[in-house]
Amino acid sequence: MNTTLKHWKESATLILAARNRLGVASRTPRTVAAVSPQDSSCGPQHLPHKSRFDYDVLLLKRSGKSGFMPNAYVFPGGKVHSSDFSSEWLDIFKSFCNFSNFGLGNVAQPLETRPPIFATDRLKFGSPIPGEVAFRICALRETFEESGVLLVVPKLEEKSLLKSIEDKGDTAQGQHYKVNDLCSTELTKWRALVNQNPSNFIRMCRELEVLPNIWALHEWCNWLTPTGRYGVTRFDTMFFICCLQEIPHTLQDEKEIVRFQWSTPSVVLQSYISGEFWIAPPQFYELSRMCRVPLLEDLHVFSRRRAREGCEQWLPVISLKDKQFLSLLPGDKDYPLDPSGEVGVGTSTDPQQEDAQDDSALHRFVTVDQNTINIQITITPKYNHLLPVVTFPHDLKSQS
């Protein structure tokens, strides 16, 4: 854990996509080029109809008593715990310690442009666990705590996993992942223990002889909570994505989470615009990106390959103009070069960022009210990422 941060708490979240009942195995996936940023940069498109999606995404409703974004629908996730960086993980992952990042491999992005959440040398804080590993553990643990979905690999499959890394250097080459097959009684027992004390996640893995499936999680994006928008608490959150073969058994914890929902990205956006519930801007943005890829196999292949490029840290900068809130994002012509004032957070040494800020560059949210938000974007996404589908209320209402 980075204990030197003054304003942000480090955290991780997981975008879980799972094949729904409408998914048809015989459907022919498009080529990867069909969901590439190059093709998606042609401009705004209408939101795909919900019938085009063969997968759903998991959203959890936060309790109204929550101190951060009460009643909001969010992806599962939460604050990193010291146990996520515990040296005890070295014993559990001992067969993988000789591989880069425990077999996750490296990204093409230079270290000096990596988000601080990954670029920080964790050895300086006494942990031998790389950030790429620890924040995946955090995302998996929090997902288990909040939704009951546990993504682990049995020790019995360790040899085949090691062979996959040695042969291909890529554990994600095959099809999307399955959830655990532990009995419900065992899951309920360990979920309660992990909720009581996050360090019990290590104990669970040791006693059940399983490994947290860090290899199933692909780096997606990194968001920072803007100043003065959601109270005092602010987070530096790493978003991962994972594709599952089927929707797993899910159950809210009735503490932090009071409801769960599996829906297609288009249905979630429709529900938001119609006022049925509220999602935060990062969720809105990422779901709009996913609307570019309505087939699960395409999403799996794209996210796996794109993750090798790395990602950019985004700190929205809020301003008020003509009774509308503007949330400026990196690359926008009005985005400040130093939006935070805290060294190492919200800043970038990436020369691409400064070059991108020309007079016509737009990358922003325009928020009229709680359920009316538009994305304005004219820049090309960095690190081979997707442009969001720019959605409007009339697009969404037509799908109901």
Side-chain angles (χ1 to χ4, degrees), residues 9 11-18 20-21 47 50 53 55-80 138-151 179 187-188 191-192 194-196 198 220-221 223 225-226 229-235 237-242 244 246-291 365 367 369-373 391 393 396 399-400:
K9 299 179 184 298
S11 60
T13 196
L14 181 57
I15 303 172
L16 269 183
N20 57 30
R21 289 178 295 178
L47 192 73
K50 60 184 179 182
F53 290 85
Y55 67 87
D56 290 346
V57 176
L58 176 62
L59 286 171
L60 307 175
K61 184 180 181 182
R62 298 181 63 84
S63 166
K65 299 178 181 179
S66 173
F68 184 74
M69 293 187 181
N71 296 312
Y73 277 78
V74 297
F75 303 127
K79 289 188 297 184
V80 71
C138 172
L140 292 167
R141 174 183 55 75
E142 285 285 343
T143 297
F144 180 47
E145 289 180 26
E146 294 182 340
S147 70
V149 176
L150 179 62
L151 300 174
V179 295
L187 281 175
T188 300
R191 187 183 179 193
V194 175
N195 266 300
Q196 289 172 12
W220 187 256
C221 61
W223 287 84
T225 309
R229 187 64 171 153
Y230 304 105
V232 177
T233 305
R234 301 167 69 187
F235 293 95
T237 305
M238 189 62 218
F239 285 62
F240 298 98
I241 190 168
C242 174
L244 301 176
E246 59 187 14
I247 294 177
H249 177 70
T250 313
L251 185 65
Q252 64 269 15
D253 62 9
E254 297 297 348
K255 295 178 182 178
E256 294 182 30
I257 304 302
V258 296
R259 187 171 180 240
F260 71 87
Q261 178 169 321
W262 286 93
S263 299
T264 68
S266 62
V267 167
V268 175
L269 294 176
Q270 177 183 2
S271 298
Y272 166 73
I273 294 293
S274 64
E276 293 179 35
F277 56 67
W278 183 73
I279 55 177
Q283 277 75 13
F284 184 92
Y285 195 104
E286 301 311 330
L287 288 166
S288 297
R289 279 206 239 214
M290 295 174 73
C291 285
F365 290 106
T367 305
D369 57 46
Q370 185 168 335
N371 293 94
T372 305
I373 186 171
T391 57
L396 297 164
Q399 294 192 24
S400 58

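Note that the numbering runs from 1 along the sequence shown for the chain. These numbers come from a predicted model, not from an experiment.
- In this structure, Ser263 OG and Leu59 CG are separated by 7.0 Å, a value rounded to the nearest 0.5 Å.
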side-chain contact (heavy atoms from CB on, under 4.5 Å) for Leu151 and Leu244? Distances and angles first, verdict last.
CA-CA 10 Å; Leu151 300 174; Leu244 301 176; 3.8 Å; yes

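- Rounded to the nearest 0.5 angstrom, Leu150 CG and Arg141 CZ are separated by 12.5 Å.
- The backbone N or O of Phe235 lies less than 3.5 Å from a partner atom in the side chain of Thr225, making a donor-acceptor pair.
- With rounding to the nearest 0.5 Å, the separation of CD in Glu276 from CD in Gln261 is 8.0 Å.
- Of the possible donor and acceptor atoms, one in the side chain of Arg191 sits under 3.5 Å from a partner among the backbone N and O of Glu146.
- Side-chain contact check for Pro76 versus Phe144: every heavy-atom pair is 4.5 Å or farther apart.
- For the pair Phe240/Cys242, no side-chain contact is recorded, criterion being any heavy-atom separation below 4.5 Å from C-beta on.
- Between Ile247 and Asp56, the closest side-chain pair of non-hydrogen atoms falls below 4.5 Å.
- Side-chain contact of Thr237 with Ser11: a donor-acceptor pair under 3.5 Å is present, judged by distance alone.
- Looking only at side-chain heavy atoms (C-beta outward), Ile15 and Met290 come within less than 4.5 Å of each other.
- Side chains of Glu286 and Trp220 form a contact here, defined as non-hydrogen atoms less than 4.5 Å apart.
- Atoms CZ and CD1, from Arg62 and Ile257 in turn, are 6.0 Å apart once rounded to the nearest 0.5 Å.
- Each of Leu287, Ile241, Val268, Leu16 was evaluated against Val57; a single residue qualifies, Leu287, per the side chain to side chain contact (heavy atoms under 4.5 Å, CB included) test.
- Here the closest non-hydrogen pair linking Gly78 and Cys138 is O-SG, 3.5 Å.
- Considering only heavy atoms from C-beta on, Phe365 comes within 4.5 Å of Tyr285 through its side chain.
- No side-chain heavy atom of Phe75 sits less than 4.5 Å from a side-chain heavy atom of Leu14.
- The distance from the OH atom of Tyr272 to the CH2 atom of Trp278 is 7.5 Å, given to the nearest 0.5 Å.
- Looking at Ser147 and Phe260, their side chains never come closer than 4.5 Å, going by heavy atoms from C-beta outward.
- The CG atom of Leu60 sits 8.5 Å away from atom OG1 of Thr250, with the distance rounded to the nearest 0.5 Å.
- When every heavy atom of Trp262 is checked against every heavy atom of Pro248, the shortest pair comes out as CZ2-CD, 3.5 Å.
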